[in-house]
Amino acid sequence: MASAYPGLYESFDDRFRSGRCMNGDDGLELLHTGCRWAEGPVYVPAWRQLVWSDIPNDRLLRWDEETGAVSVFRCTAGHTNGNTLDREGRLISCEQGNRRVTRTEHDGTVTVLADRWQGKRLNSPNDATVKSDGSVWFSDPDFGITSDYEGYRAESEIGANNVYRVDPSTGEVRLVADCFGAPNGLVFSADEQQLYVSDTRAGVVRVFDVREDGTLSDGTVFAEAAARDAARFDNLRFDDGGRLWVAAMDDGVHCYDPDGTLIGRLVVPEAVANISWGGAKRNRLFITAETSLYSVVMAVTGTHPTGPGRRPWLDAAR
(Lines give C-alpha, C1' and ligand atoms only; values in the text may rest on other atoms or scores of the structure.)
Protein backbone atom coordinates (compact mmCIF):
# COMPACT_ATOMS: atom_id res chain seq x y z
CA MET A 1 0.00 0.00 0.00
CA ALA A 2 1.36 3.44 -0.87
CA SER A 3 2.58 5.45 2.08
CA ALA A 4 1.90 9.06 2.97
CA TYR A 5 4.99 9.21 5.20
CA PRO A 6 8.20 8.81 3.11
CA GLY A 7 11.73 9.58 4.34
CA LEU A 8 11.51 6.78 6.85
CA TYR A 9 15.13 5.69 7.30
CA GLU A 10 18.14 7.48 8.75
CA SER A 11 21.46 5.59 8.78
CA PHE A 12 24.29 6.32 11.22
CA ASP A 13 26.43 3.25 10.41
CA ASP A 14 26.96 1.08 7.32
CA ARG A 15 25.60 -1.91 9.26
CA PHE A 16 22.12 -0.40 9.10
CA ARG A 17 22.15 -0.61 5.31
CA SER A 18 24.14 -3.85 4.93
CA GLY A 19 21.85 -5.57 7.44
CA ARG A 20 18.84 -4.90 5.15
CA CYS A 21 17.33 -2.59 7.76
CA MET A 22 16.58 0.00 5.06
CA ASN A 23 14.92 -2.45 2.68
CA GLY A 24 11.18 -2.98 2.47
CA ASP A 25 8.53 -0.26 2.37
CA ASP A 26 9.82 3.21 1.61
CA GLY A 27 7.53 4.85 4.15
CA LEU A 28 5.05 4.34 6.95
CA GLU A 29 1.47 3.20 6.51
CA LEU A 30 -1.11 4.88 8.75
CA LEU A 31 -3.53 2.21 9.97
CA HIS A 32 -5.57 4.23 12.48
CA THR A 33 -5.64 7.58 14.23
CA GLY A 34 -7.82 9.22 16.86
CA CYS A 35 -6.35 7.79 20.07
CA ARG A 36 -5.43 9.96 23.02
CA TRP A 37 -2.20 8.03 23.76
CA ALA A 38 -1.54 4.74 21.98
CA GLU A 39 0.68 2.03 23.49
CA GLY A 40 1.04 -1.71 23.98
CA PRO A 41 0.70 -3.24 20.47
CA VAL A 42 0.74 -7.04 20.24
CA TYR A 43 0.04 -9.10 17.13
CA VAL A 44 -2.13 -12.18 17.70
CA PRO A 45 -1.35 -14.68 14.90
CA ALA A 46 -4.37 -16.91 15.50
CA TRP A 47 -6.71 -13.94 15.02
CA ARG A 48 -4.64 -12.11 12.37
CA GLN A 49 -5.27 -9.01 14.44
CA LEU A 50 -3.26 -6.44 16.35
CA VAL A 51 -4.45 -5.43 19.81
CA TRP A 52 -3.24 -2.17 21.34
CA SER A 53 -4.04 0.24 24.16
CA ASP A 54 -5.52 3.73 24.14
CA ILE A 55 -4.66 4.45 27.75
CA PRO A 56 -6.44 7.74 28.62
CA ASN A 57 -9.60 6.53 26.86
CA ASP A 58 -9.41 3.34 28.96
CA ARG A 59 -9.87 0.94 26.07
CA LEU A 60 -8.14 -1.77 24.07
CA LEU A 61 -8.50 -1.53 20.29
CA ARG A 62 -7.96 -4.13 17.57
CA TRP A 63 -6.98 -3.84 13.93
CA ASP A 64 -7.95 -6.66 11.57
CA GLU A 65 -5.24 -7.62 9.09
CA GLU A 66 -7.68 -9.11 6.58
CA THR A 67 -10.12 -6.20 6.40
CA GLY A 68 -8.25 -3.21 7.87
CA ALA A 69 -11.19 -2.61 10.21
CA VAL A 70 -10.60 -1.16 13.67
CA SER A 71 -12.94 -1.90 16.56
CA VAL A 72 -13.00 -1.84 20.36
CA PHE A 73 -11.66 -5.02 21.93
CA ARG A 74 -12.34 -4.05 25.55
CA CYS A 75 -13.72 -0.97 27.31
CA THR A 76 -13.24 -0.32 30.18
CA ALA A 77 -9.78 -1.89 30.25
CA GLY A 78 -8.19 -0.80 33.53
CA HIS A 79 -6.11 1.82 31.69
CA THR A 80 -4.07 -1.01 30.18
CA ASN A 81 -0.58 -0.10 29.01
CA GLY A 82 1.63 -2.95 27.72
CA ASN A 83 0.35 -6.21 26.23
CA THR A 84 2.03 -9.45 25.21
CA LEU A 85 1.19 -13.14 24.67
CA ASP A 86 2.03 -16.13 26.82
CA ARG A 87 3.14 -19.56 25.58
CA GLU A 88 -0.48 -20.58 24.94
CA GLY A 89 -1.39 -17.47 22.97
CA ARG A 90 -3.30 -15.84 25.82
CA LEU A 91 -3.23 -12.07 26.21
CA ILE A 92 -1.12 -10.73 29.08
CA SER A 93 -1.96 -7.13 29.97
CA CYS A 94 -0.48 -4.54 32.33
CA GLU A 95 -3.48 -2.71 33.76
CA GLN A 96 -1.87 0.35 35.23
CA GLY A 97 -5.18 1.83 36.36
CA ASN A 98 -6.13 -1.34 38.23
CA ARG A 99 -2.49 -1.73 39.34
CA ARG A 100 -2.27 -5.36 38.25
CA VAL A 101 -1.08 -7.80 35.59
CA THR A 102 -3.80 -9.99 34.07
CA ARG A 103 -4.26 -12.86 31.64
CA THR A 104 -7.25 -13.10 29.31
CA GLU A 105 -8.21 -16.77 29.07
CA HIS A 106 -9.38 -18.44 25.88
CA ASP A 107 -12.98 -18.28 27.15
CA GLY A 108 -12.70 -14.52 27.71
CA THR A 109 -12.44 -14.55 31.48
CA VAL A 110 -9.68 -12.52 33.13
CA THR A 111 -7.23 -13.98 35.64
CA VAL A 112 -5.18 -11.73 37.93
CA LEU A 113 -1.52 -12.80 37.86
CA ALA A 114 -0.09 -10.09 40.11
CA ASP A 115 -1.45 -7.13 42.02
CA ARG A 116 0.71 -7.04 45.15
CA TRP A 117 4.26 -7.59 46.33
CA GLN A 118 4.81 -8.44 49.99
CA GLY A 119 1.23 -7.41 50.70
CA LYS A 120 1.62 -3.95 49.14
CA ARG A 121 -0.24 -2.84 46.02
CA LEU A 122 1.82 -2.52 42.87
CA ASN A 123 2.37 0.98 41.46
CA SER A 124 1.14 0.72 37.86
CA PRO A 125 2.45 -2.24 35.81
CA ASN A 126 3.72 -1.00 32.47
CA ASP A 127 5.12 -3.76 30.26
CA ALA A 128 5.53 -7.55 30.44
CA THR A 129 7.42 -10.36 28.76
CA VAL A 130 7.02 -14.13 29.11
CA LYS A 131 9.96 -16.52 29.41
CA SER A 132 9.84 -20.01 27.87
CA ASP A 133 9.33 -21.55 31.34
CA GLY A 134 6.03 -19.67 31.56
CA SER A 135 7.21 -17.06 34.07
CA VAL A 136 5.87 -13.54 33.52
CA TRP A 137 8.28 -10.63 34.04
CA PHE A 138 6.95 -7.09 34.31
CA SER A 139 8.00 -3.51 35.01
CA ASP A 140 6.22 -1.43 37.63
CA PRO A 141 6.94 2.33 37.40
CA ASP A 142 4.68 4.97 38.93
CA PHE A 143 3.36 6.54 35.71
CA GLY A 144 -0.24 5.45 36.34
CA ILE A 145 -0.44 6.85 39.88
CA THR A 146 1.16 10.27 39.34
CA SER A 147 -2.08 11.71 37.90
CA ASP A 148 -5.60 10.78 36.83
CA TYR A 149 -4.77 10.98 33.10
CA GLU A 150 -3.60 7.36 32.58
CA GLY A 151 -4.84 5.83 35.81
CA TYR A 152 -5.72 7.06 39.28
CA ARG A 153 -3.60 9.37 41.39
CA ALA A 154 -2.32 7.62 44.50
CA GLU A 155 0.70 7.26 46.75
CA SER A 156 3.06 4.38 46.08
CA GLU A 157 2.75 1.70 48.74
CA ILE A 158 6.08 0.16 47.73
CA GLY A 159 8.02 3.42 47.48
CA ALA A 160 10.15 2.30 44.52
CA ASN A 161 9.89 1.42 40.83
CA ASN A 162 10.94 -2.19 40.23
CA VAL A 163 10.90 -5.21 37.93
CA TYR A 164 9.20 -8.41 39.12
CA ARG A 165 8.82 -12.07 38.13
CA VAL A 166 5.66 -14.16 38.54
CA ASP A 167 6.46 -17.82 39.16
CA PRO A 168 4.47 -20.05 36.75
CA SER A 169 3.92 -22.80 39.34
CA THR A 170 3.26 -20.95 42.59
CA GLY A 171 2.17 -17.51 41.41
CA GLU A 172 4.73 -15.93 43.73
CA VAL A 173 5.67 -12.36 42.80
CA ARG A 174 9.42 -11.91 43.26
CA LEU A 175 11.43 -8.69 43.07
CA VAL A 176 14.23 -9.21 40.52
CA ALA A 177 15.63 -5.70 39.96
CA ASP A 178 15.29 -2.43 41.87
CA CYS A 179 17.86 -0.08 40.35
CA PHE A 180 15.56 2.10 38.21
CA GLY A 181 14.19 5.59 38.01
CA ALA A 182 11.27 4.28 35.95
CA PRO A 183 11.56 0.79 34.40
CA ASN A 184 9.55 0.53 31.22
CA GLY A 185 10.00 -1.88 28.28
CA LEU A 186 11.63 -5.26 28.80
CA VAL A 187 12.57 -8.15 26.53
CA PHE A 188 14.69 -11.31 26.69
CA SER A 189 17.53 -12.04 24.32
CA ALA A 190 16.89 -14.93 21.91
CA ASP A 191 18.69 -17.42 24.18
CA GLU A 192 17.01 -15.96 27.28
CA GLN A 193 20.39 -15.49 28.94
CA GLN A 194 19.92 -11.71 29.19
CA LEU A 195 17.03 -9.42 30.07
CA TYR A 196 17.02 -5.93 28.54
CA VAL A 197 15.09 -3.21 30.41
CA SER A 198 14.62 0.44 29.46
CA ASP A 199 14.66 3.09 32.17
CA THR A 200 12.73 6.08 30.87
CA ARG A 201 13.79 8.55 33.56
CA ALA A 202 17.45 7.55 33.44
CA GLY A 203 17.50 7.55 29.63
CA VAL A 204 19.20 4.17 29.35
CA VAL A 205 18.64 0.56 28.36
CA ARG A 206 20.17 -1.81 30.90
CA VAL A 207 21.05 -5.47 30.31
CA PHE A 208 21.04 -8.12 33.04
CA ASP A 209 22.35 -11.68 33.02
CA VAL A 210 19.61 -14.16 33.94
CA ARG A 211 20.74 -16.78 36.44
CA GLU A 212 19.39 -20.34 36.52
CA ASP A 213 17.39 -19.63 39.69
CA GLY A 214 15.55 -16.75 37.98
CA THR A 215 17.49 -13.96 39.68
CA LEU A 216 19.38 -11.25 37.78
CA SER A 217 22.90 -9.85 37.82
CA ASP A 218 23.46 -6.20 38.79
CA GLY A 219 23.21 -5.18 35.13
CA THR A 220 25.13 -2.82 32.87
CA VAL A 221 24.19 0.01 30.52
CA PHE A 222 23.61 -1.22 26.95
CA ALA A 223 22.52 2.08 25.38
CA GLU A 224 22.11 5.70 26.45
CA ALA A 225 19.62 8.24 25.13
CA ALA A 226 21.68 11.22 26.27
CA ALA A 227 23.48 11.46 22.92
CA ARG A 228 20.21 12.49 21.27
CA ASP A 229 18.25 15.08 23.27
CA ALA A 230 14.85 14.09 21.86
CA ALA A 231 15.18 10.41 22.80
CA ARG A 232 13.44 8.82 25.78
CA PHE A 233 13.32 5.04 25.80
CA ASP A 234 10.09 3.07 26.05
CA ASN A 235 9.59 -0.53 24.89
CA LEU A 236 12.05 -2.86 23.14
CA ARG A 237 12.01 -5.61 20.49
CA PHE A 238 14.69 -7.80 18.86
CA ASP A 239 14.95 -8.83 15.24
CA ASP A 240 16.38 -12.20 14.21
CA GLY A 241 19.75 -10.59 13.46
CA GLY A 242 20.20 -9.76 17.13
CA ARG A 243 19.56 -6.03 16.63
CA LEU A 244 17.58 -4.25 19.32
CA TRP A 245 14.83 -1.89 18.14
CA VAL A 246 13.75 0.70 20.71
CA ALA A 247 10.75 3.02 20.84
CA ALA A 248 12.54 6.34 21.43
CA MET A 249 9.62 8.76 21.72
CA ASP A 250 10.33 12.05 19.83
CA ASP A 251 13.40 10.49 18.18
CA GLY A 252 11.43 7.76 16.39
CA VAL A 253 12.53 4.12 16.52
CA HIS A 254 16.21 3.42 17.28
CA CYS A 255 18.08 0.39 15.96
CA TYR A 256 21.09 -0.90 17.90
CA ASP A 257 23.71 -3.38 16.76
CA PRO A 258 24.31 -6.28 19.19
CA ASP A 259 27.42 -4.42 20.41
CA GLY A 260 25.28 -1.46 21.54
CA THR A 261 26.07 0.91 18.63
CA LEU A 262 23.18 3.06 17.42
CA ILE A 263 23.27 2.23 13.69
CA GLY A 264 20.06 3.86 12.46
CA ARG A 265 16.54 4.95 13.17
CA LEU A 266 13.06 5.17 11.71
CA VAL A 267 11.67 8.70 11.46
CA VAL A 268 8.05 8.83 12.68
CA PRO A 269 5.79 11.93 12.59
CA GLU A 270 4.57 11.41 16.18
CA ALA A 271 6.32 10.44 19.42
CA VAL A 272 6.83 6.67 19.41
CA ALA A 273 5.59 4.92 22.54
CA ASN A 274 5.74 1.21 21.59
CA ILE A 275 6.64 -1.16 18.77
CA SER A 276 5.84 -4.80 17.99
CA TRP A 277 6.58 -7.28 15.19
CA GLY A 278 3.73 -9.06 13.47
CA GLY A 279 2.19 -10.19 10.22
CA ALA A 280 2.34 -13.67 8.70
CA LYS A 281 6.14 -13.49 8.35
CA ARG A 282 6.78 -11.34 11.48
CA ASN A 283 8.43 -8.75 9.25
CA ARG A 284 5.81 -6.06 9.74
CA LEU A 285 6.74 -3.55 12.43
CA PHE A 286 3.73 -2.01 14.16
CA ILE A 287 4.29 1.37 15.79
CA THR A 288 2.03 3.09 18.31
CA ALA A 289 2.83 6.81 18.38
CA GLU A 290 0.79 9.37 20.32
CA THR A 291 -2.62 9.34 18.57
CA SER A 292 -1.94 6.76 15.86
CA LEU A 293 -1.08 3.22 14.80
CA TYR A 294 1.45 2.88 11.96
CA SER A 295 3.18 -0.05 10.28
CA VAL A 296 6.04 -0.77 7.89
CA VAL A 297 6.80 -4.06 6.12
CA MET A 298 10.54 -4.66 6.31
CA ALA A 299 13.23 -7.02 5.02
CA VAL A 300 14.24 -7.91 8.57
CA THR A 301 12.20 -10.30 10.69
CA GLY A 302 11.29 -9.80 14.32
CA THR A 303 11.56 -12.40 17.04
CA HIS A 304 8.40 -13.53 18.79
CA PRO A 305 7.66 -11.85 22.16
CA THR A 306 7.59 -15.24 23.91
CA GLY A 307 10.98 -16.28 22.54
CA PRO A 308 12.03 -19.64 21.10
CA GLY A 309 10.22 -22.92 21.47
CA ARG A 310 7.11 -24.69 20.26
CA ARG A 311 3.87 -22.68 20.07
CA PRO A 312 1.07 -24.86 18.59
CA TRP A 313 -1.35 -21.91 18.36
CA LEU A 314 1.15 -20.01 16.21
CA ASP A 315 2.02 -23.00 13.99
CA ALA A 316 -1.67 -23.62 13.35
CA ALA A 317 -2.20 -20.02 12.26
CA ARG A 318 0.46 -20.23 9.53
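Here, residue 1 is the first one in the sequence, and each next residue gets the next number. Bear in mind the structure is a predicted one, so any value in this text is a computation, not a measurement.
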Novice: Is it the case that the side chains of T102 and E95 hold a donor-acceptor pair, with the cut-off being a distance below 3.5 Å and no angle test?
Specialist: yes

Novice: Are a donor atom and an acceptor atom from the side chains of N123 and S156 found within less than 3.5 Å of each other?
Specialist: yes

Novice: Flag yes if V136 and V176 sit in one hydrophobic cluster, no otherwise; membership is Ile, Leu, Val, Met, Phe, Trp, Tyr, and two members link when side-chain heavy atoms are under 4.5 Å apart.
Specialist: no

Novice: For G219, is there any backbone N or O sitting under 3.5 Å from a side-chain donor or acceptor partner on R206?
Specialist: yes

Novice: Between R284 and S295, do the side chains contain an N or O donor and an N or O acceptor separated by less than 3.5 Å?
Specialist: yes

Novice: Of the options D115, I145, D140, which is the one that meets R99 in a side chain to side chain contact (heavy atoms under 4.5 Å, CB included)?
Specialist: I145

Novice: What I want to check is whether the side chains of R74 and T104 have a donor and an acceptor closer together than 3.5 Å.
Specialist: yes

Novice: Can you check whether E88's main-chain N or O pairs, donor with acceptor, with H106's side chain at less than 3.5 Å?
Specialist: yes

Novice: Do we see a donor-acceptor contact under 3.5 Å between the side chains of E270 and S292?
Specialist: yes

Novice: Is the shortest distance from a Lys or Arg side-chain nitrogen in D213 or R211 to a carboxylate oxygen in the other one below 4.0 Å?
Specialist: no

Novice: Between N283 and W277, do the side chains contain a donor N or O and an acceptor N or O under 3.5 Å apart?
Specialist: no

Novice: Check for a donor-acceptor pair, side chain of T67 on one end and backbone N or O of A69 on the other, with a separation under 3.5 Å.
Specialist: yes

Novice: For N184 and D127, test the side chains for any donor-to-acceptor distance below 3.5 angstrom and give the result as yes or no.
Specialist: no

Novice: Quick one: side-chain contact (heavy atoms from CB on, under 4.5 Å) partners of A182, sequence neighbours excluded?
Specialist: P141, F143, D199, R201

Novice: Can a salt bridge be assigned to the pair R165 and D167 using a cut-off of 4.0 Å between side-chain N and carboxylate O?
Specialist: yes

Novice: Check the orientation of F286 and Y43. Use parallel for under 30°, tilted for 30 to 60°, and perpendicular for over 60°.
Specialist: parallel

Novice: Could you check whether the rings of F222 and Y196 sit parallel, tilted or perpendicular, using 30° and 60° as the cut-offs?
Specialist: perpendicular

Novice: Is there a donor-acceptor pair under 3.5 Å between the side chain of H254 and the backbone N or O of R265?
Specialist: no

Novice: Find the distance between CG (N81) and CH2 (W37) and round it off to the nearest 0.5 Å.
Specialist: 10.5 Å

Novice: Would D54 and R59 pass as an ion pair if we require N to O under 4.0 Å?
Specialist: yes

